[in-house]
Number of protein chains: 2
Amino acid sequence: MLKLSTKGQYGVRAMFEISRGHPGRPVAIREIAERQDVSVAYLEQILNTLRKAGLISSVRGPGGGYLLSRQPEAISIGEILRSLDGPVALTACQDPLAGCVRADGCVTSLLWKALGEKIEGFLDRMTLRDLLAGSKFGGERAVGA
Amino acid sequence: MLKLSTKGQYGVRAMFEISRGHPGRPVAIREIAERQDVSVAYLEQILNTLRKAGLISSVRGPGGGYLLSRQPEAISIGEILRSLDGPVALTACQDPLAGCVRADGCVTSLLWKALGEKIEGFLDRMTLRDLLAGSKFGGERAVGA
DNA sequence: ATATACTTTACTAAATTTGTCAAGTATTTT
DNA sequence: AAAATACTTGACAAATTTAGTAAAGTATAT
Ligand code: FES
Ligand code: FES
């Protein structure tokens, strides 16, 4: 349960490739595709969305590619995922775009809300810089392996 | 993103109805269906799964219905959801039933693992007793509304 | 000019979700 | 025993979502 779409996953991995690319020089889509083993056509779709969301900018023509719009520490994983897959919406009732009729008497309402906020909080605190550093995972508790 | 299936949601709400039913007396499936506004046929499927998972037991015949197998504080939301929708598996690589080929060099591996553990932790700490009490949500932080 | 490389839209096959339906089994009440 | 209640089981299908592919177009550097 609670699967993350491949689009979101690929998006994060693509952003990682862009952020570790040589600073100032754009990273070509083909390079990202090869390094992360994703088709160029699918990446086009994904990167286009991320560009419209303002997370990256693009340079056309030979030698072109993609660049981060901000520093790695200023781009959170949450922002990337939200751009591609919309906000965390565990249930239709929690979806900011939908909403619920009888949100009052509903016991589970607060439960899903609390979990949703926990997830968003985690994803928003985690940035590309953390991915580059390759640690800091686990939060309060230490991770076993 | 990160939607919870209706099956899981209905399952939790059904379990809530059973736990707040008069102690010792089984709750009929029709009563659950009416109170939670879910079709009887769909609930049959869901409750059957939960029964096979050992979370509830059933009584047949007139006056029959469903009973909790344990005390409300001993049944976690996580257990209910896992019974119906399988374990939290944000990515195919994190799925205990699947597994990944190149889990090593993968930067995002630890990220999804950490998030998955956070979610499971939350769901496993939360029990039917908490739903009955109607509070305790929010964890570290207080919830706004 | 030409090659490189991003841009945009359309479309579709596969998987998953969300149920419905029908027939059966067990138990209690009359 | 008969009837009514109520859980049990398995098959199946519509709707939705996901996960991509394909193709034609636009901009830029050499
Ligand atoms: S049914 Fe909408 S909040 Fe529970
Ligand atoms: S590709 Fe499997 S862990 Fe990242």
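Note that these values count all heavy atoms, side chains included, but never hydrogens, waters or copies made by symmetry. Letters go in sequence order (proteins before strands), and every chain restarts at 1. Remember, it's a predicted structure, so these values are computed and weren't measured experimentally.
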(request) Begin with the C-alpha distance, continue with both residues' side-chain angles, and end with the deciding distance and a verdict on side-chain contact (heavy atoms from CB on, under 4.5 Å) for B:Leu55 and B:Ser69. (result) CA-CA 5 Å; B:Leu55 298 183; B:Ser69 294; 5.5 Å; no
(request) Tell me whether the OP1 or OP2 atom of C:dT20 has a side-chain N or O from B:Ser39 closer than 4.0 Å. (result) yes
(request) Whole angstrom is fine here: how far is it from CG in A:Leu43 over to P in C:dC6? (result) 10 Å
(message) Whole angstroms only, please: what is the CD-P distance between A:Gln9 and D:dG20?
(response) 10 Å
(request) Determine, using the 4.5 Å side-chain heavy-atom cutoff (strictly less than), whether B:Val27 and B:Val59 are members of one ILVMFWY cluster. (result) no
(message) Quick check: do A:Leu111 and A:Leu115 have side-chain heavy atoms less than 4.5 Å from each other?
(response) no
(request) Write down the atom of B:Gln94, the atom of B:Ser109, and the distance for their closest heavy-atom approach. (result) NE2-O, 3.1 Å
(request) Using a cut-off of strictly less than 4.0 Å, decide whether B:Thr6 has a side-chain nitrogen or oxygen near OP1 or OP2 of C:dT17. (result) no
(message) Between P on C:dT8 and CG on A:Leu47, what's the gap in Å once rounded to a whole number?
(response) 12 Å
Distances for protein N/O vs nucleotides 24-26 of chain D N/O pairs under 3.5 angstrom?
unit_1	atom_1	unit_2	atom_2	d
D:dT26	O2	A:Arg60	NH2	3.1

(request) Would you give the length of the straight line joining atom CZ of A:Arg51 to atom CG of A:Leu67, rounded to the nearest 0.5 angstrom? (result) 12.5 Å
(request) Please tell me which of A:Gly64 and B:Val40 maps to the more 5' nucleotide of DNA chain C, matching each residue to the nucleotide holding its nearest heavy atom. (result) A:Gly64
(request) Using atom CE of B:Met1 as one end and atom P of D:dA19 as the other, report the distance to the nearest whole Å. (result) 14 Å
(message) Is A:Tyr42 close enough to D:dA22 that one of its side-chain N or O atoms is under 4.0 Å from OP1 or OP2 there?
(response) no
(request) Classify every nucleotide of nucleotides 12-17 of chain D by which part a protein heavy atom approaches to under 4.0 Å, writing B for the base, S for the sugar-phosphate alone and - for neither, in 5'-to-3' order. (result) -----S
(request) Among D:dA4, C:dC6, C:dT8, find the nucleotide with the atom closest to the side chain of A:Ala28. (result) C:dC6
(message) Rounding to an integer number of Å, can you tell me how far B:Leu50 CG sits from D:dT8 P?
(response) 12 Å
(request) Write down the distance between CD (B:Glu31) and P (D:dT5), rounded to a whole number of angstrom. (result) 16 Å
(request) For residues B:Leu128 and B:Glu73, determine if any side-chain heavy atom of one lies less than 4.5 Å from a side-chain heavy atom of the other. (result) no
(message) Using heavy-atom distances to pick each residue's nearest nucleotide on DNA chain D, tell me which of B:Ala41 and B:Gly61 is more 5'.
(response) B:Gly61
(request) Using a cut-off of strictly less than 4.0 Å, decide whether A:Tyr66 has a side-chain nitrogen or oxygen near OP1 or OP2 of C:dT7. (result) yes
(message) Give the residues of residues 80-92 of chain A touching DNA chain C, defined as any heavy atom closer than 4.0 Å, sorted by residue number.
(response) none
(request) Find the distance A:Gln36:CD to D:dG20:C1' and express it as a whole number of Å. (result) 18 Å
(request) Taking all heavy atoms of B:Leu50 and all of B:Ser83, pick out the closest pair and write down the distance. (result) CD2-CB, 4.0 Å
(message) Please determine whether side-chain contact (heavy atoms from CB on, under 4.5 Å) holds for the pair A:Thr91 and B:Thr6, giving the CA-CA distance in whole Å, both sets of side-chain angles, and the decisive distance to 0.1 Å.
(response) CA-CA 8 Å; A:Thr91 70; B:Thr6 63; over 6 Å; no
(message) Quick test of your reading: applying ring-ring contact (aromatic ring centres under 6.0 Å, His included), list the pairs with at least one residue in residues 56-78 of chain B, sequence neighbours left out, ordered by first then second residue.
(response) none
(message) Using every non-hydrogen atom in the two residues, find where B:Leu84 and B:Lys7 come nearest and quote the distance to one decimal.
(response) CD1-O, 3.6 Å
(message) Considering only residues two or more places apart or on different chains, which pairs with a residue in residues 62-71 of chain A satisfy salt bridge (charged side-chain N to carboxylate O under 4.0 Å, His left out)?
(response) A:Arg70-A:Glu79
(request) Name every residue in residues 51-59 of chain B that has at least one heavy atom under 4.0 Å from any atom of DNA chain D, in order of residue number, or write none if there are no such residues. (result) B:Arg51, B:Lys52, B:Ser58, B:Val59
(request) Could you check A:Asp85 against B:Lys3 for salt bridge (charged side-chain N to carboxylate O under 4.0 Å, His left out), going step by step and ending with a plain yes or no? (result) CA-CA 11 Å; A:Asp85 291 331; B:Lys3 267 188 305 185; over 6 Å; no
(request) Rounded to the nearest angstrom, tell me the gap between atom NZ in A:Lys7 and atom P in D:dT21. (result) 13 Å
(request) Take B:Ile75 and B:Thr127, measure what side-chain contact (heavy atoms from CB on, under 4.5 Å) needs, and give me the verdict at the end. (result) CA-CA 5 Å; B:Ile75 299 180; B:Thr127 72; 5.9 Å; no
(message) Is there a side-chain contact between B:Leu131 and B:Ile77 in this structure, where contact means two heavy atoms from C-beta onward sitting under 4.5 Å apart?
(response) yes
(request) Please assess B:Val12 against A:Trp112 for the test side-chain contact (heavy atoms from CB on, under 4.5 Å), listing each intermediate value before the final yes or no. (result) CA-CA 11 Å; B:Val12 172; A:Trp112 306 134; 4.2 Å; yes
